[in-house]
Undergrad: 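Here it is: the structure, laid out below.
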Amino acid sequence: QVQLVESGGGLVQPGGSLRLSCAASGSIASIYAMAWYRQAPGKQRELVATITNGGSTNYAVSVKGRFTISRDNAKNQVYLQMNNLKSEDTAVYYCNTDFTKTIVRGSWGQGTQVTVSS
């Protein structure tokens, strides 16, 4: 089980972009699918994007076409490029394994806050 630390969040105006990074303390090379999740106040955590070691990706409908997930196994990093941000993207973003594709689960980090506001 790996430890995960998210970074890169911040305040951005609608239409802006951010790139989130997730640093894992252990190897992610053997983890089939990594993912980004987010949780907005008063809402349940949702799966935002996933990526397998083969490069297959999946996105929530709400972010498809705007967000891109990637991973660098050599650096034990997962990234989320977020473009054309909207106010509804405001949430705390977390990385972990894709629970829908693997039984392996990392330890939750503190997440990184993304606030989209004008």
Undergrad: How far does CD of Gln77 sit from OG of Ser21, to the nearest 0.5 angstrom?
TA: 5.5 Å
Undergrad: Checking Asn96 side chain against Gly106 main chain: does a donor-acceptor pair fall under 3.5 Å?
TA: yes
Undergrad: Applying side-chain contact (heavy atoms from CB on, under 4.5 Å) between Arg38 and each of Val63, Thr90, Leu20, Thr112, report the one that passes.
TA: Val63
Undergrad: Tell me, please, which residues at least two apart from Thr97 pass side-chain contact (heavy atoms from CB on, under 4.5 Å).
TA: Ile31, Met34, Phe99, Thr102, Val104, Arg105
Undergrad: Could you grab the distance from atom OG of Ser27 to atom CG of Asn73, nearest 0.5 Å is fine?
TA: 7.0 Å
Undergrad: What residues, two or more places apart in sequence or in another chain, satisfy side-chain contact (heavy atoms from CB on, under 4.5 Å) together with Leu11?
TA: Thr115, Ser117
Undergrad: In terms of hydrophobic clustering (I, L, V, M, F, W, Y; side-chain heavy atoms under 4.5 Å; direct or indirect links), are Val116 and Val48 co-clustered?
TA: yes
Undergrad: Is there a chain of hydrophobic side chains (I, L, V, M, F, W, Y, each step under 4.5 Å between heavy atoms) that links Val114 to Val78?
TA: yes
Undergrad: To the nearest 0.5 Å, what is the distance between SG (Cys22) and CG (Leu80)?
TA: 10.5 Å
Undergrad: Do you know which two heavy atoms are closest between Thr50 and Ala35, and how far apart they sit?
TA: CG2-CB, 3.8 Å
Undergrad: As a quick check of understanding, evaluate side-chain contact (heavy atoms from CB on, under 4.5 Å) for Met82 and Asp89, giving each step before the final call.
TA: CA-CA 9 Å; Met82 306 185 296; Asp89 295 319; 5.9 Å; no
Undergrad: Could you tell me whether Gln39 atom CD has more than 12 heavy atoms of other residues or ligands within 6.0 Å of it?
TA: yes
Undergrad: Would Leu47 and Ile69 show up in the same hydrophobic cluster when neighbours are defined by side-chain heavy atoms closer than 4.5 Å?
TA: no
Undergrad: Taking the side chain as C-beta and beyond, is there a heavy-atom pair between Leu85 and Phe67 under 4.5 Å?
TA: yes
Undergrad: I'd like to know whether Ser107 forms a side-chain contact (heavy atoms from CB on, under 4.5 Å) with Leu4, so could you lay out the CA-CA distance, the side-chain angles of the two residues, the decisive distance to 0.1 Å, and finally the verdict.
TA: CA-CA 6 Å; Ser107 297; Leu4 303 162; over 6 Å; no
Undergrad: To the nearest 0.5 angstrom, please state how far the CZ atom of Arg19 sits from the OG1 atom of Thr68.
TA: 10.5 Å
Undergrad: Show, in sequence, the C-alpha distance, side-chain angles and deciding distance for Tyr93 and Trp36, and conclude whether the ring pair (Phe, Tyr, Trp, His ring centres under 6.0 Å) test is met.
TA: CA-CA 7 Å; Tyr93 285 71; Trp36 283 94; 7.1 Å; no
Undergrad: Please say yes or no: joined through hydrophobic side-chain contacts below 4.5 Å, possibly via intermediate residues, are Ile51 and Tyr59 part of one cluster?
TA: yes
Undergrad: Which pairs count as ring-ring contact (aromatic ring centres under 6.0 Å, His included) when at least one residue sits in residues 11-33, sequence neighbours excluded?
TA: none
Undergrad: With side chains defined as the heavy atoms from C-beta onward, is the minimum distance between Asn58 and Lys101 less than 4.5 Å?
TA: yes
Undergrad: Provide the closest heavy-atom pair for Ser118 versus Pro14 in the form atom of the first, atom of the second, distance.
TA: N-CD, 3.7 Å
Undergrad: Considering non-hydrogen atoms only, spot the tightest contact between Gln81 and Ser17 and give its length.
TA: NE2-CB, 4.0 Å
Undergrad: If I take atom OG from residue Ser30 and atom CG from residue Asn53, how far apart are they, to the nearest 0.5 angstrom?
TA: 8.0 Å
Undergrad: Please determine whether residues Trp108 and Val2 belong to a single hydrophobic cluster, defined as Ile, Leu, Val, Met, Phe, Trp and Tyr linked transitively by side-chain heavy-atom distances below 4.5 Å.
TA: no
